[in-house]
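Worksheet: one structure, shown below.
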Amino acid sequence: MQPQADPFIVPECHDEIEILYRDEALILLNKPSGLLSLSGKHPENKDSVHFRLVQRFPTCTMIHRLDFGTSGIMLVAMNKQINAQLCRQFSERTVSKRYTALLHGHLEQDNGVIDQAIAKDKDNFPLMKICQQTGKPAISKFRVLERFTQTPEASFYRKDKRAGERSVTRVEFEPVSGRTHQLRVHSQQIKHPILGCDLYASDQAYFMATRLMLHASELSFDHPLSGERMNIVSPSPF
């Protein structure tokens with residue numbers, strides 16, 4: 001775990017939210033890395049996806065969150081009634097989510113399932129931990145897309161000697177459950193942490209990237225008004 005400032009102040013995010021789709025019921029957007037989903041308690045952490053959206057759409061409500069370092073697709077309801085319908089789909093697991101991630105090292109398996117319960121790590125807030133006794137069930141499917149050796153000149157990569165060995169695996173994750181930090185904790189558990197992760201990566205993996213290399217790349221759900229199956233794709237920026 002990298003040192004955390006107390007209180008933690010998120011650096012200013014200059015990147016804009018990209019609206020991918022909007023109608024009278026919902027908004028689908030592309031969140032930049034480095035932007036909170038919801039404003040924090042500290043007054044300097046006011047900027048967030050929700051804070052920006054309510055300036056234009058005062059009745060909008062959040063359906064789910066992405067970690068501030070994660071980029072990609074978020075779903076927002078235009079009112080509380082739509083929020084309840086969409087939240088029901090998430091709780092009933094009829095929503096399909098896919099993420100793209102860069103992991104440290106080369107995974108041996110081409111695909112697999114990580115089935116490890118996750119619980120709060122009360123002694124190390126805000127970390128989560130694997131705990132089969134007290135944790136909630138958590139399942140993540142993964143599929144290897146590419147194995148390669150990182151070049152320091154590439155975009156998003158740090159030119160830092162502490163990164164050391166630069167073998168990387170690009171994977172597609174499909175979380176079956178939706179636990180806090182699930183993909184980050186599961187990646188750490190299989191000893192291939194996500195590059196740039198400040199909470200769960202080794203020093204080598206953390207110093208290989210200038211951001212958390214995790215992107216919400218695909219989201220599928222039923223439109224709450226028409227019932228039509230929606231499938232939204234946001235190509236990974238890395």
Side-chain angles (χ1 to χ4, degrees), residues 4-91 95-100 125-126 155-156 175 178-184 196-199 209-238:
Q4 302 293 304
D6 188 17
F8 179 61
I9 306 299
V10 177
E12 186 176 358
C13 179
H14 299 285
D15 295 328
E16 297 294 326
I17 294 171
E18 177 189 6
I19 302 296
L20 302 173
Y21 174 87
R22 178 170 68 91
D23 62 21
E24 71 275 20
L26 55 88
I27 298 172
L28 284 151
L29 60 88
N30 196 32
K31 184 186 91 68
S33 175
L35 181 65
L36 293 168
S37 294
L38 288 171
S39 302
K41 294 180 180 180
H42 195 284
E44 292 190 41
N45 289 336
K46 182 167 63 175
D47 188 26
S48 67
V49 171
H50 182 257
F51 178 78
R52 294 186 186 186
L53 284 180
V54 294
Q55 312 306 311
R56 295 175 57 192
F57 312 105
T59 62
C60 73
T61 59
M62 308 298 287
I63 305 297
H64 62 126
R65 306 181 191 184
L66 295 178
D67 292 342
F68 89 97
T70 305
S71 58
I73 302 170
M74 289 187 67
L75 176 61
V76 179
M78 293 297 278
N79 57 60
K80 292 182 179 179
Q81 291 74 27
I82 296 297
N83 181 293
Q85 293 184 48
L86 292 172
C87 284
R88 189 178 305 115
Q89 292 188 47
F90 275 85
S91 63
V95 176
S96 174
K97 297 172 287 183
R98 287 184 172 84
Y99 293 74
T100 303
F125 178 84
S155 177
F156 298 118
R179 308 303 176 199
T180 300
H181 298 174
Q182 177 172 318
L183 299 179
R184 299 163 77 180
C197 181
D198 59 341
L199 297 180
T210 59
R211 55 156 287 184
L212 177 66
M213 300 303 243
L214 181 63
H215 180 78
S217 52
E218 189 171 352
L219 183 69
S220 300
F221 63 98
D222 296 330
H223 193 282
L225 297 182
S226 69
E228 178 187 358
R229 190 67 177 175
M230 305 280 290
N231 186 66
I232 305 298
V233 175
S234 171
S236 173
F238 48 78

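This chain uses plain numbering: 1 for the first residue, then up along the sequence. Heavy-atom basis, side chains included; hydrogens, waters and symmetry copies ignored.
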Query raised in the report: Got a donor-acceptor contact below 3.5 angstrom from the S91 side chain to the R88 backbone?
Result: yes
Requested in this report: Would you mind reporting whether M74 and L219 have side-chain heavy atoms less than 4.5 Å apart?
Outcome: no
Query raised in the report: For the side chain of S39 and the backbone of K46, is there at least one donor-acceptor N/O pair under 3.5 Å apart?
Result: yes
Query raised in the report: Is there a side chain to side chain contact (heavy atoms under 4.5 Å, CB included) between S96 and R98 once you walk through the steps?
Result: CA-CA 7 Å; S96 174; R98 287 184 172 84; 3.6 Å; yes
**Report entry** Intermediate values then yes/no, side chain to side chain contact (heavy atoms under 4.5 Å, CB included), Y21 and I27
**Finding:** CA-CA 6 Å; Y21 174 87; I27 298 172; over 6 Å; no
Report summary line: Taking every heavy atom of L86 against every heavy atom of F221, the minimum-distance pair comes out as CD2-CD1, 4.0 Å
Report task. Mind checking the CG-OG1 spacing from L53 to T61? Nearest 0.5 Å is all I need. Result -> 10.5 Å
Requested in this report: State whether the side chain of K31 and the backbone N or O of L35 hold a donor-acceptor pair below 3.5 Å, judged by distance alone.
Outcome: yes
Report task. Search all heavy atoms of A25 against all heavy atoms of I82 and return the closest pair with its distance. Result -> O-CG2, 3.3 Å
Report task. Considering non-hydrogen atoms only, spot the tightest contact between M62 and L38 and give its length. Result -> CG-CD2, 3.5 Å
Query raised in the report: Counting only N and O atoms by type, is there a donor-acceptor contact under 3.5 Å from the side chain of T59 to the main-chain atoms of M78?
Result: yes
**Report entry** Partner set under side chain to side chain donor-acceptor pair (under 3.5 Å) for S234, not counting sequence neighbours
**Finding:** N30, H215
Query raised in the report: Does a side-chain heavy-atom distance below 4.5 Å link S217 with P235?
Result: no
Query - Test side chain to side chain contact (heavy atoms under 4.5 Å, CB included) applied to I73 and L29, step by step - result: CA-CA 6 Å; I73 302 170; L29 60 88; over 6 Å; no
Query - Pairing residues for S220 by the side chain to side chain donor-acceptor pair (under 3.5 Å) criterion, not counting sequence neighbours - result: N231
Query - side chain to side chain donor-acceptor pair (under 3.5 Å) partners of R179, counting only residues at least two apart - result: none
**Report entry** Nearest atoms (heavy-atom pairs only) where G34 meets C13
**Finding:** O-CB, 3.4 Å
Query raised in the report: Would you find a donor on one side and an acceptor on the other, under 3.5 Å apart, between the side chain of S37 and the backbone of L66?
Result: yes
Query raised in the report: Applying salt bridge (Lys or Arg N to Asp or Glu O under 4.0 Å), which residue pairs with at least one partner in residues 7-25 are found, sequence neighbours left out?
Result: none
Query - R65 atom CZ, over 12 foreign heavy atoms within 6.0 Å - result: no
Report summary line: Across all chains, not counting sequence neighbours, the side chain to side chain donor-acceptor pair (under 3.5 Å) partners of H181 are Y200
Requested in this report: Name all pairs fulfilling the ring-ring contact (aromatic ring centres under 6.0 Å, His included) condition that reach into residues 43-73, sequence neighbours left out, sorted by first residue then second.
Outcome: F8-F68, H64-F90
Query raised in the report: Going by heavy atoms in the side chains, are L26 and P224 under 4.5 Å from each other?
Result: yes
Report summary line: Separation between CD1 (I63) and CG (L75), nearest 0.5 Å, reads 5.5 Å
Requested in this report: Begin from the C-alpha positions of D67 and L214 and carry the test side chain to side chain contact (heavy atoms under 4.5 Å, CB included) through to its verdict.
Outcome: CA-CA 10 Å; D67 292 342; L214 181 63; 5.6 Å; no
Query raised in the report: So, are D198 and R184 salt-bridged, with charged N and O less than 4.0 Å apart?
Result: yes
